[in-house]
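Have a look at the structure below before the remarks.
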Amino acid sequence: MTWLDVLLLMMVGICLYTDIKEQKIYNKVLLPALTLGLIGNAMIHGLPGLMNSFLGFLLGMALLIFPFIAGGIGAGDVKLMGVIGIIKGPIFVFQAFLMTAIVGGVIAIIVLTHRKVMGETFRRLATAFMSLLLMIPRGAVMEGLQSPRAIVFPYGIAISIGTFLAYFNFLG
């Protein structure tokens, strides 16, 4: 385990804690990790390490930019995934993203089931899907998706658990 691995695990652990406790991912945690990740990869691997960090950052941000634009996650979640990419590179951040998607789906199902809104949620998703196929007007979909009863949870939890699972090579 390198000091960059320790940096990653510490940063993700702190973000997990703050997202659970305060539903926030702080720049004062992300910015030092970003800086140390860039410097560390440049020192250890030279210019190729620096380029790998930039590619990881861009991929990490790109993977979550559309959910952010749609209002499904916060900017801190996007930045967290970007910094994970800075520290570990594009291959790792993609693996972490895949694990995050699985964990996020499991958490969403648990929350929806616990709040007894699974059926309503699937009806809204079916309406959205039919709108994509141009079977119903798009305005009806937007009203349904922007329901005041929308279920939210801090997605940094899923990102953190997904990153831990990817780091400890959960998939073998």
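Everything numeric here is computed off the predicted structure, so don't read it as measured data.
- Hydrophobic cluster of M43: the remaining members, joined at side-chain heavy-atom separations below 4.5 Å, are I39, listed by chain and number.
- Connection of V6 to L34 is established within a shared hydrophobic cluster, with ILVMFWY side chains joined at heavy-atom distances below 4.5 Å, either directly or through further cluster members.
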Run the side-chain donor-acceptor check on residues 62-87: report pairs under 3.5 Å with partners two or more places apart or on a different chain.
residue: D77; atom: OD1; partner: G156; partner atom: N; Å: 3.2
residue: D77; atom: OD2; partner: G74; partner atom: N; Å: 3.1
residue: K79; atom: NZ; partner: N27; partner atom: OD1; Å: 2.7

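- The same ILVMFWY cluster, assembled from side-chain heavy atoms under 4.5 Å apart, contains both L7 and I44.
- Residue pairs meeting the salt bridge (Lys or Arg N to Asp or Glu O under 4.0 Å) criterion with at least one partner in residues 5-18, sequence neighbours excluded, are D5-K88.
- Note: the hydrophobic cluster containing M10 also contains L30 (ILVMFWY, side chain heavy atoms under 4.5 Å, direct or indirect links).
- Clustering ILVMFWY residues whenever any of their side-chain heavy atoms sit less than 4.5 angstrom apart, transitively, puts L50 in the very cluster that holds L59.
- Screening residues 36-54 for side-chain hydrogen bond (donor to acceptor under 3.5 Å, both in side chains), with sequence neighbours left out, gives N41-S53.
- We find the CG-CD1 distance between D19 and I14 to be 13.0 Å, quoted to the nearest 0.5 Å.
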| field | F57/L38 under side chain to side chain contact (heavy atoms under 4.5 Å, CB included): CA gap, chis, key distance, verdict | value | CA-CA 10 Å; F57 177 75; L38 277 175; over 6 Å; no
Using residues 92-111 as the side-chain source, report each donor-acceptor pair under 3.5 Å to any protein atom, sequence neighbours left out, with the distance given to one decimal.
residue: T100; atom: OG1; partner: A96; partner atom: O; Å: 2.7

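- G37 approaches L4 most closely through the heavy-atom pair CA-CD2, 4.0 Å.
- Applying the side chain to side chain donor-acceptor pair (under 3.5 Å) criterion to Y26, with sequence neighbours excluded, gives E22.
- Under the 4.5 Å side-chain contact rule for hydrophobic residues, M61 and L55 do not share a cluster.
- Scored by the side-chain contact (heavy atoms from CB on, under 4.5 Å) test, L16 finds I20, I157, S160, F164 as partners (sequence neighbours excluded).
- The stretch residues 54-67 participates, sequence neighbours left out, in no side-chain hydrogen bond (donor to acceptor under 3.5 Å, both in side chains) pair at all.
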